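Below you'll find the structure, written out as structure tokens, and then a few comments.
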Amino acid sequence: MNRRYRKTIIAGNWKMNKTATETKKFAEDLKAIMPKAKWCDVVICCPFVNIPAALRAFKDLRIAVGAENLFYEPSGAYTGEVSADMLKDLGVKYVIIGHSERRQYFGETDVTVNKKVHAALEAGLHPIICVGESLEQREMNITMDLIALQVKSAFAGVPAEKARKCVVAYEPIWAIGTGKTATAEQANEVCNAIRATIRHLYGARVARSVTIQYGGSMNPKNAAELLAQPDVDGGLIGGAALKPDQFVEIINAANQE
Ligand code: 13P
């Protein structure tokens, strides 16, 4: 991380976990153990239906609330979908876009990811854009090309002043929920390449101001080493963000760096 130029952001991605009642309980448990001062921004991204409960519960803890998805159209006949404005109006600050689980199970593509990035920015939300390679792609040695393509597609048509508001999360698919973490060097190498792609698109000033997170089995044991890398500016955390004690340990790791 590099606090001089960009924010460190520790974000939880709850995926399809926890009810509204459990959200409240999590916040109460967290309150008892949360450090007084934090040198990073903390975000919890939770299921849509838990957002009002999360906003109430996390307000005192100064934890921002994020969504896990949105639909790119502003309004209309799209049964079951949620727009960027609906999220913004509630008080949501961040939205995860293009998580690999959405690409894998819900047909998201680089094209829909780009449309969602535009919709989020238009509404004043900060997109957390997820990119990452499968094990097969890593073994084929196409990780860097693939990531560059995902980043370029996600940012297509986004002007520089809005690109600064984006967060990118590097999440190697083979490390998600598997307990297999990328080594700190592997994580930094790809995060550095993501920054180089952003530099190529927008120049050095924007590139150094964008927060780039690592995600994939980040936990209290490996967080400090990952966060010590110069291009790893935070974490997008799944499993360990469901447990208050583990989540706090990761926040503490970010505090110490
Ligand atoms: P895990 O931390 O459970 O591996 O999940 C990572 C992730 O997908 C965060 O978006």
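Computed from a predicted model, the values in this text were never measured in an experiment. Atoms within each ligand, like the ligands themselves, are counted from 1 in listed order.
Classification of Asp110 and Arg103 as a salt-bridged pair holds, one side-chain N sitting under 4.0 Å from a carboxylate O. Lys93 has no carboxylate O lying under 4.0 Å from a charged side-chain N of Asp41, or vice versa, which leaves the two without a salt bridge.
Looking only at side-chain heavy atoms (C-beta outward), Met144 and Glu133 stay at 4.5 Å or farther from each other. Contact annotation: the side chain of Ile128 approaches that of Cys45 to within less than 4.5 Å [non-hydrogen atoms, C-beta and beyond].
Below 3.5 Å of separation, one finds no N or O of Thr178 facing any N or O of ligand 1. Considering backbone and side-chain atoms alike, Gly177 places an N or O below 3.5 Å from some N or O of ligand 1. Below 3.5 Å of separation, one finds no N or O of Ala240 facing any N or O of ligand 1. No N or O atom of Gly215 sits closer than 3.5 Å to an N or O atom of ligand 1.
Near Gly239, with a cut-off below 4.0 Å to any heavy atom, the atoms of ligand 1 are 1 (P), 2 (O), 3 (O). The ligand atoms of ligand 1 that sit less than 4.0 angstrom from a heavy atom of Ser217 are 1 (P), 2 (O), 4 (O). Listed by number with element, the atoms of ligand 1 under 4.0 Å from a non-hydrogen atom of Lys15 are 5 (O), 6 (C), 7 (C), 8 (O). Atom numbering of ligand 1 starts at 1 in the shown order; those under 4.0 Å from a heavy atom of Ala175 are 4 (O). Residue contact check: Glu171 has heavy atoms under 4.0 Å from atoms 6 (C), 7 (C), 8 (O), 9 (C), 10 (O) of ligand 1.
Crowding of Arg205 atom CZ: a count of heavy atoms from other residues, nucleotides or ligands under 6.0 Å not exceeding 12.
With a 4.0 Å heavy-atom cut-off, ligand 1 is reached by no atom of Ser100. Using a 4.0 Å cut-off between heavy atoms, Asn13 contacts ligand 1 through its side chain alone, with no backbone atom that close.
By the 4.0 Å heavy-atom criterion, Gly179 is excluded from the residues contacting ligand 1. Contact annotation: Gly216 has at least one heavy atom less than 4.0 Å from an atom of ligand 1.
Residue Asp233 holds its CG atom at 7.5 Å from SG of Cys191, rounded to the nearest 0.5 Å.
Ring geometry, Tyr78 versus Phe71: the interplanar angle falls from 30° to 60°, so the pair is classed tilted.
A side-chain donor from one of His99 and Glu171 sits under 3.5 Å from a side-chain acceptor of the other.
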